[in-house]
Amino acid sequence: MNIGTAIYTWLNGREVGQDQFGNRYFEHKSEPARGQRRKRWVIYKGIDEASKVPAEWHAWLHYTAEAPLAADQGFEWQKEHLPNLTGTRYAYRPPGHVLEGGKRAPATGDYEAWTPN
């Protein structure tokens with residue numbers, strides 16, 4: 001967040017809520033002009049990364065839902081929300097990746113290279 005966003009939020013924002021990652025969600029205090037929607041925004045805790053917004057707040061930010069969805073409305077097959085970990089030390093690296101030692105398992109012999117006729 002920069003100083004401009006902080007001042008704008010302080011003057012015009014009304015806090016709607018906070019998610020499990022500490023991100024804070026705001027909407028404009030005043031009524032919008034006829035035919036327009038009230039502006040909504042998020043102030044991230046830590047690095048500004050859009051994938052840190054969970055689904056229930058994403059729906060609210062994009063005007064899909066009038067109010068943030070309840071976090072407990074999930075299904076048993078759903079996993080906990082995780083931000084995009086690419087570029088971090090927690091990113092997935094398959095066996096054989098350079099940063100995992102660079103040693104791949106030997107080929108099994110079931111691969112046959114294509115050659116043109």
Between Tyr25 and Trp57, what is the ring plane arrangement, given parallel below 30°, perpendicular above 60°, and tilted in between? parallel
Step by step, would you call Thr5 with Trp41 a side chain to side chain donor-acceptor pair (under 3.5 Å)? CA-CA 10 Å; Thr5 306; Trp41 67 96; over 6 Å; no
Would you say the side-chain atoms of Tyr63 pair up with the backbone N or O of Arg38, donor to acceptor, closer than 3.5 Å? yes
Are more than 12 heavy atoms, taken from residues, nucleotides or ligands other than Leu11, located less than 6.0 Å from that residue's CG atom? yes
Cluster question for you: counting only ILVMFWY and a side-chain heavy-atom cut-off of under 4.5 Å, with indirect links fine, are Leu61 and Phe21 together? no
Please check if the number of heavy atoms outside Tyr90 that lie under 6.0 Å from its OH is greater than 12. no
Closest approach of Lys45 and Gly22, non-hydrogen atoms and distance? CB-O, 3.6 Å
Locate the shortest heavy-atom distance separating Asn23 from Lys52; write the atom from each residue and the value. ND2-O, 3.3 Å
Does atom NE2 of His58 have more than 12 heavy-atom neighbours, drawn from other residues, nucleotides or ligands, at distances under 6.0 Å? no
Any side-chain heavy-atom pair from Glu56 and Gln20 closer than 4.5 angstrom? yes
Is the backbone N or O of Trp60 less than 3.5 Å from a side-chain atom of Arg40, with the two atoms forming a donor-acceptor pair by type? yes
Without swapping roles, check the side chain of Arg24 against the backbone of Ile43 for a donor-acceptor pair under 3.5 Å. no
Please name the pair of heavy atoms, one in Ala91 and one in Leu85, separated by the smallest distance, quoted to 0.1 Å. CB-O, 3.2 Å
Less than 6.0 angstrom from the centroid, inside 45 degrees of the normal: does Lys39 satisfy that with respect to the ring of Phe26? no
If I take atom CG from residue Leu82 and atom CG from residue Asn84, how far apart are they, to the nearest 0.5 angstrom? 10.0 Å
So, do Ser30 and Asn12 sit near enough that their side-chain heavy atoms are less than 4.5 Å apart? no
Rounding to 0.5 Å, atoms OH (Tyr111) and CH2 (Trp114) come to a distance of 10.5 Å
